[in-house]
Number of protein chains: 2
Amino acid sequence: MTGRVPLYQAKAEFFRMLGHPVRIRVLELLQDGPMPVRDLLAAIEVESSNLSQQLAVLRRSGIVTATREGPTVVYALAGGDVAELMRAARRILTEMAAGQAGLLAELREAEASAS
Amino acid sequence: MTGRVPLYQAKAEFFRMLGHPVRIRVLELLQDGPMPVRDLLAAIEVESSNLSQQLAVLRRSGIVTATREGPTVVYALAGGDVAELMRAARRILTEMAAGQAGLLAELREAEASAS
DNA sequence: ACAGAAGTTGAAAAATTCTGCAACTAGCGA
DNA sequence: TCGCTAGTTGCAGAATTTTTCAACTTCTGT
């Protein structure tokens, strides 16, 4: 019923949706609970219309919800464990950094003993 | 030493790197162990040069390694738990799908009782 | 040395995404 | 009702990414 998109493509779209610094920061901020746009804006430093665009991307994807409360709009994580995803990402990123440090060390050695 | 990029930006780049169907499929295939390009190519159906480009993206990011073995090049996951990341993504994706299904149900009800 | 298989690379064209401006809607208080 | 605050939307130009084609490198068998 819902589009019938192959899973790997849905995943790719999902990750692509995450692939923007402002959107990452929004998701991280929302992990501490719902937050009005005003506060996001204060925390993130980006033009208000740009933030709106990025929020729209998140909304469309369904990962956050927006509800109007009087004059302000409050955003919240729609579902679950974004935190876990971020943790997994950070772990891999850390490993990769370590790997590259290792590689750099190797390169330095190779250079030192270069003929 | 390494560029000094804010973490949220590193994360965004990481997720962006994941945001392509071919790259997702490669990473999923490599979870079962190292694999020569030939086999990836057979599994994925995409032009060979296109696959190469995507493999280059993965290589540059450091998430996979390539080693030449005679005439073939074998790719492998560089480090750790890509599997866990994929699981986390699938969980969220599933939740979101459920959420949307729920929303659709609500909309249908609203429609049914529309004045 | 030559031919063929396996991949990679460079570059240009095509497609997508991002940014910022201007215009616009919604709610609230005077 | 007017004006202000809070956000969103449409859109054009800029920047990135994706795709493809042609050329190129390596390695192996003969």
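Sequence lines set the chain letters: A, B, ... in the order given, protein chains first and strands last, and positions in each chain run from 1.
Counting distance only, with no hydrogens placed and no angle test, the side-chain atoms of B:Ser49 and the base atoms of D:dC21 include a donor-acceptor pair under 3.5 Å.
Atom CG of A:Asp39 and atom C1' of D:dA6 are 12 Å apart (whole Å). Between the CG atom of A:Leu51 and the C1' atom of C:dC21 there is a distance of 16 Å, rounded to whole Å. Across the protein-nucleic acid pair, B:Asn50 atom CG and C:dG10 atom P stand 16 Å apart, rounded to whole Å. Rounded to whole angstrom, the span from the CZ atom of A:Arg25 across to the C1' atom of C:dC18 amounts to 17 Å. Summarising the geometry, the separation between OH on B:Tyr75 and C1' on C:dA6 is reported as 11 Å, rounded to the nearest angstrom. What separates CD of B:Gln54 from C1' of C:dT9 is a distance of 14 Å, to the nearest Å. In this entry the distance linking CD of A:Glu69 with C1' of D:dT5 reads 16 Å, nearest Å. Counting to the nearest Å, the P atom of D:dT16 and the NE2 atom of B:His20 are 18 Å from each other.
Nearest to the side-chain atoms of A:Val73 among the listed nucleotides D:dG7, D:dT9, C:dT8 stands D:dG7.
For C:dT8, the OP1/OP2 oxygens have no side-chain nitrogen or oxygen of B:Arg68 closer than 4.0 Å. Side-chain N/O atoms of A:Arg59 include none lying less than 4.0 angstrom from OP1 or OP2 on D:dG7. One finds a side-chain N or O of A:Arg16 lying less than 4.0 angstrom from the OP1 or OP2 phosphate oxygen of C:dT17.
The nearest heavy atom of DNA chain D to B:Gly19 and to A:Gln53 marks one nucleotide each, and the one closer to the 5' end goes with A:Gln53.
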Walk me through whether A:Thr67 and A:Val73 qualify under side chain to side chain contact (heavy atoms under 4.5 Å, CB included). CA-CA 6 Å; A:Thr67 53; A:Val73 176; over 6 Å; no
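Considering only heavy atoms from C-beta on, A:Gln53 stays 4.5 Å or farther from A:Val22 through its side chain.
One hydrophobic cluster holds both B:Tyr75 and B:Met35 under the rule that ILVMFWY side chains link at heavy-atom gaps under 4.5 Å.
Nearest heavy atom pair, residue A:Ser61 against residue B:Met96, reads O-CE, 3.1 Å.
Atom NE2 of B:His20 and atom CD of B:Gln54 lie 4.0 Å apart (nearest 0.5 Å).
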